[in-house]
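Worksheet for the structure shown next.
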Amino acid sequence: MDLVLLPDAATEAERAAVDAAVGSPGHERRDLLLPAFHAVMDAVGWISRGALSYVCDRLHVPPAEAYGVATFYALFSVTPRAPRTAHVCDDVGCAAFGGEDLCAALEERLGPPGSGEEVTWTRSPCLGLCERAPAVFLQRASPSAEDEGNPEATRALASSPHDDAPGGDHAQIAPATADTVLRALDGEDVDGPDPVVSTPQAGGPDLELLSRVGVVDPGDLDSYRAAGGYAGLRRALAVGSARVVDEITVASLTGRGGAAFPTGTKWAAVAGSPEPEKYLVCNADESEPGTFKDRVLMEADPFALVEAMTVAGIAVGARTGYLYVRGEYPAAERAILRAVAEARRHGYLGDDVMGSGRAFDLEVRRGAGAYICGEETALMNSLEGRRGEPRAKPPFPTVAGLFGKPTVINNVETLVNVLRIVAEGGPAFASIGSGRSTGTKLFCLSGVVARPGVYEVPMGTTLRELLELAGGVPPDLRAILLGGAAGSFVTPDQLDVPLTLEGTREIGATLGSGVVLCFDSTTDFAAVLRRIAGFFRDESCGQCVPCRVGTVRQEEALARIVRGREIGGRTIELQLLRDVDRVMTDASICGLGQTAASAVRSALALGLIGGS
Amino acid sequence: MTTVDLGTIRRLVSVTVDDVEHRAPEGATIMDVLDDAGADTPRLCQAPNLTPVNACRVCVVEVEGSRPLVPSCARKVEDGMVVRTDTERVAHSRKMVLELLASANDLSEAGDDVARWQIEYGADPERYGPPGPPAAAGERGNRHAGHHGIPDGETRATVAQPVTVDNDLYVRDYARCILCYKCVEACGTDAQNTFAIAVAGRGFDATISTEFAVPLPDSACVYCGNCIGVCPTGALKSVAEHERREAGTWDPEGETVTTTVCSFCGVGCSLELHVQDNTIVNVTSPSDHSVTHGHLCIKGRFGFQHVQNVASPGEH
Ligand SMILES: Cc1cc2nc3c(=O)[nH]c(=O)nc-3n(C[C@H](O)[C@H](O)[C@H](O)COP(=O)(O)O)c2cc1C
Ligand code: SF4
Ligand code: SF4
Ligand code: SF4
Ligand code: FES
Ligand code: FES
């Protein structure tokens, strides 16, 4: 196919950025589309016609399709935008906790969202920093890279999948004030939030997943080894892949990304596939509103994830693993890139992992602002350089996943559990908790709790016990959003629910991604629910009708109900909402549409909104 | 009991639909079985000459063992599969898909089948309130993923926007576009391999677009018109048809169709010349034709315009 490209030429800086990131493969490398766009964004702050054409030329991708990809992601801009942008969280965990005030202050100082040539601000969904609201993500093109006269500087700074330093000068601020945001927009260095502070149990007893948080130096392999690191991989290599897969199955480890699928089943399917080429993918796109556990794990204990991915990859017969990290997580990306480089340097990754003769290596890829890319098949499309649209299942990823090959995809927390299972054996892990809910589980506590943060408890701990750990059941507690925006609300009379898959299902709720977002009775639930409805409307990929149009109609009907402007009366509007809910739940392609009505449904049932 | 014949010899599997057993060859879709049994299964994004994208969800059925409903156009039959089409859940989802689309799109040229299904399933798009104001030209394509104005619910959002007329051969009336992906598939790997258009943007703001929404003459488009041939809603149509519709002289009842073989080259594409008032208004090819599968090139599709008027693509 001959590409027809627009005549616009790329600038020197744009070309240098793309060249540094992806080179000139000489054949189609659509999978490098996101790294190439990131490189352009990181260098000049937006993707011009010339830059897009240049990327298409390098990677042999038709420009209409590349444009379709670029416009799918919130962190990419195909129109000129200030090179330094503050993404301000106005989502449910931040809005009432300083987020809206911050938006107002920035609007006063910088003008409306998107205005401004050098610096600007925009609203954002949850940034995964909810325990320290209000949160801000700073997307800053590298200052020296803007200097078009100095392409060498650009080259040095531009991102590359193999570099151990990520591109751009991105940062997180939480809690943020208008002053800190403005200073950071002016280029001042900012200290990102310390993950140890967000782990109130850090250094304490009885921790497994969080045991090394605040104990090891996340940048130092020796420190990780001194804390027992790489004993798991050594043991896994010694006992062999079949045994590792068995242990995971016996442990009854269920996925921690939200869908709670048995991990052993997936691993066994891929390990047993005759296909010579297989992949392991780690889902680190954590974007479910209220969720921040994977960020803390990656920032504070990155070697654990790298080790766990190596165990998993070798066990299922993959030679390459991809780690897809959320674009708004620069600190996590930095920590992981550093850990991967260190591990590679010391023979823990590469052609001969720990002298075993087995080959396994990792590629880190950065997401670009799309909640839907956390859905496993959308994530694979995104890795392949396509729009993050979920695929039809079947075929399931274990049969035809990344690049059409058998693929295991697991959440960060799921994978980190693997180390313990390998060390202690499956039965020991299975003895904690009950039923399908085994091992320990991370929960993300935020909102009106005394000590917000990530907590690790054995499965089966009650919601009340969990709240006690965080400083007690909040006075005046009105409702808890359990499981995220895709989850549902529970009320103070349900605090004795055991936090297991089975226990939560019994009360019509879900563990989801471990979100425990607490609201007191001063909460404006109408605003909360409208934000959730708006979230799903924004994040729908647009592929299927029930979700693409249904999320719009849900948001509109909710607006009418909370404004007292019902068409034909309350009963009729509630019926309309129920009708939209049912088609989204029944007929949407993926979990986004299938759960887009869940929080609204539960809020209505509990009378949190819609009372008159 | 019915048997679906797909032409080649394949193992037969047994499928139960609404308590009736059918035998179908492995590889057939549930829709193949339903069609063969004479059921009137609604469909929008499915076409016999395109890879299923199962995006519209209007064809959903219940399959035992699956919590969500299943798109019959894409799901292949399996031995022992138990399918239901006669349930309230199926009817509800089909109705809602038709209703939601009608609430956002102009379906007035989507054909008799769609009009019939709207009535049959009881779609009531008006219950979402009056339509909001149409977007200005180009406005929908400029929305940024992840951001939208917060609605007050007084009106319902639609995709209404002006018709894009940027070349002499065909127009793009995206107020009618239901994002069925058919044109993208026809322009891409399913037929044309030109990739001039793709889906851009996200969610409700997604559009079919060239890169940076440049006019077609600046894009890779070669005016094969295969996108027009597959568009189910009248979003894509020849300038000849568009102008007649605008002028109120479009006359489908008075249309005659003449079948011929294209004489521009030696491939032998079968053409259907649609003639109104002694003028060729459209050229199509049957989707089951062994050479074309419904797809043509600029000469077959628009050669008549070179004969009838003088402009060539890009001159306007
Ligand atoms: C809309 C949507 C968003 C999701 N986001 C995430 C995510 O951010 N992280 C994650 O691990 N899983 C997410 N999932 C679940 C994944 O599809 C998949 O189940 C998971 O990555 C599998 O890993 P696990 O079995 O280890 O949980 C999401 C699912 C849906 C439907
Ligand atoms: S349910 Fe929503 S997010 Fe999922 S495929 Fe459909 S439109 Fe996309
Ligand atoms: S006319 Fe042909 S080349 Fe042009 S957009 Fe349509 S299918 Fe693609
Ligand atoms: S223009 Fe027509 S064929 Fe293309 S997506 Fe829209 S409705 Fe479908
Ligand atoms: S960071 Fe704001 S809600 Fe999560
Ligand atoms: S016709 Fe089956 S999903 Fe569209």
Side-chain angles (χ1 to χ4, degrees), chain A residues 1 3-4 6 49 52 62-68 71-74 77-79 113-114 122-125 369-370 387 392 530 534 537-546 548-553 555-560 563 565 567-568 572 576 579-580 582-583 585-589 594, chain B residues 44 52-58 60 68-69 71 74-75 89 92-93 95-97 99-101 103-104 127-129 141-142 144-148 150-157 178-179 181 188 193-206 209-214 218-220:
Chain A
M1 162 200 26
L3 294 180
V4 179
L6 296 175
R49 289 184 182 201
L52 184 117
E65 298 202 334
Y67 182 76
T71 52
F72 187 85
Y73 296 94
S77 180
V78 295
T79 49
T122 178
R123 288 170 178 269
S124 169
R387 294 164 55 79
R530 284 179 79 175
R537 184 258 187 244
D538 269 340
E539 301 300 330
S540 163
C541 82
Q543 198 180 187
C544 67
V545 176
R548 180 178 76 235
V549 188
T551 54
V552 171
R553 298 295 173 242
E555 190 188 16
E556 289 169 352
L558 203 56
R560 288 193 297 272
R563 293 175 61 246
R565 297 276 301 163
I567 300 173
I572 286 176
L576 182 150
D579 287 348
V580 172
R582 283 184 66 204
V583 70
T585 306
D586 277 352
S588 292
I589 293 178
Q594 289 164 13
Chain B
L44 291 164
V53 291
N54 57 83
C56 78
R57 319 302 281 184
V58 78
V60 288
L69 300 175
R75 180 65 62 86
R89 266 181 90 210
H92 179 79
S93 277
K95 167 198 138 140
M96 288 299 291
V97 166
E99 178 173 295
L100 289 172
L101 275 179
S103 75
R127 65 176 170 145
Y128 301 96
N142 277 332
H144 195 96
H147 295 271
H148 72 287
I150 296 175
D152 60 13
E154 296 296 317
T155 57
R156 63 176 205 257
I178 59 167
L179 283 176
Y181 290 64
N193 275 301
T194 294
F195 305 96
I197 48 173
V199 182
R202 192 165 83 195
F204 191 72
D205 303 324
S209 181
T210 58
E211 60 275 22
F212 291 91
V214 296
D218 296 342
S219 78

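Nothing here was measured: the structure is a model prediction, and the numbers come from that model. Reminder, nothing fancy here: chain letters follow the sequence lines and each chain counts from 1.
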Specify the closest pair of heavy atoms between [X] and [Y], including all atoms of both residues, with the distance to one decimal.
X: A:V583; Y: B:L100; result: CG1-CD1, 4.1 Å
X: A:F72; Y: B:G201; result: CD1-O, 4.0 Å
X: A:V4; Y: B:S219; result: CG1-O, 4.0 Å

Side chain proximity check, B:F212 to A:L6, heavy atoms < 4.5 angstrom:
yes
Any side-chain heavy-atom pair from A:Y67 and B:V214 closer than 4.5 angstrom?
no
Region of [X] that comes under 4.5 Å of a non-hydrogen atom in chain B:
X: A:A370; value: both
X: A:S77; value: both
X: A:A557; value: neither
X: A:V78; value: both
X: A:E539; value: both

Could you tell me which of [options] has the largest number of non-hydrogen atom pairs under 4.5 Å with chain B?
options: A:G542, A:A64, A:A74; result: A:A64
options: A:T551, A:V580, A:T79; result: A:V580
options: A:R530, A:R565, A:R123; result: A:R565

With a 4.5 angstrom heavy-atom cut-off, could you sort out which part of [X] is near chain A: side chain, backbone, both or neither?
X: B:I197; answer: backbone
X: B:T210; answer: backbone
X: B:S103; answer: both
X: B:A104; answer: both
X: B:H148; answer: both
X: B:V58; answer: neither

Do A:S540 and B:R202 pair up side chain to side chain, a donor and an acceptor below 3.5 Å, judged on atom types alone?
no
Atom pair [atom1]/[atom2] of [X] and [Y] - distance to nearest 0.5 Å:
X: A:E555; Y: B:F204; atom1: CD; atom2: CZ; result: 11.0 Å
X: A:L576; Y: B:R127; atom1: CG; atom2: CZ; result: 4.5 Å
X: A:T71; Y: B:N142; atom1: OG1; atom2: CG; result: 10.5 Å
X: B:I178; Y: A:R548; atom1: CD1; atom2: CZ; result: 8.0 Å
X: B:E211; Y: A:L52; atom1: CD; atom2: CG; result: 7.5 Å
X: B:H144; Y: A:T122; atom1: NE2; atom2: OG1; result: 7.0 Å

Who are the side-chain contact (heavy atoms from CB on, under 4.5 Å) partners of B:R89, not counting sequence neighbours?
A:R582, A:D586, B:E62, B:L69, B:T87
Restricting to side-chain contact (heavy atoms from CB on, under 4.5 Å), what partner residues turn up for A:S124, sequence neighbours left out?
A:H87, A:L127
Check the pair A:V549, B:Y128 against side chain to side chain contact (heavy atoms under 4.5 Å, CB included), reporting the backbone distance first and the verdict last.
CA-CA 11 Å; A:V549 188; B:Y128 301 96; over 6 Å; no
Yes or no on side chain to side chain contact (heavy atoms under 4.5 Å, CB included) for B:D205 and A:R537, after CA distance, side-chain angles and deciding distance?
CA-CA 10 Å; B:D205 303 324; A:R537 184 258 187 244; 3.2 Å; yes
More than 12 heavy atoms of other residues, nucleotides or ligands under 6.0 Å from CZ of A:R563: is that the case?
yes
For chain A, the option from [options] that forms the most heavy-atom pairs under 4.5 Å:
options: B:V60, B:L101, B:V53; result: B:L101
options: B:G129, B:A198, B:P151; result: B:P151
options: B:R57, B:E99, B:M96; result: B:R57

For A:E556 and B:R156, what are the C-alpha separation, side-chain angles and deciding distance, and is it a salt bridge (Lys or Arg N to Asp or Glu O under 4.0 Å)?
CA-CA 7 Å; A:E556 289 169 352; B:R156 63 176 205 257; over 6 Å; no
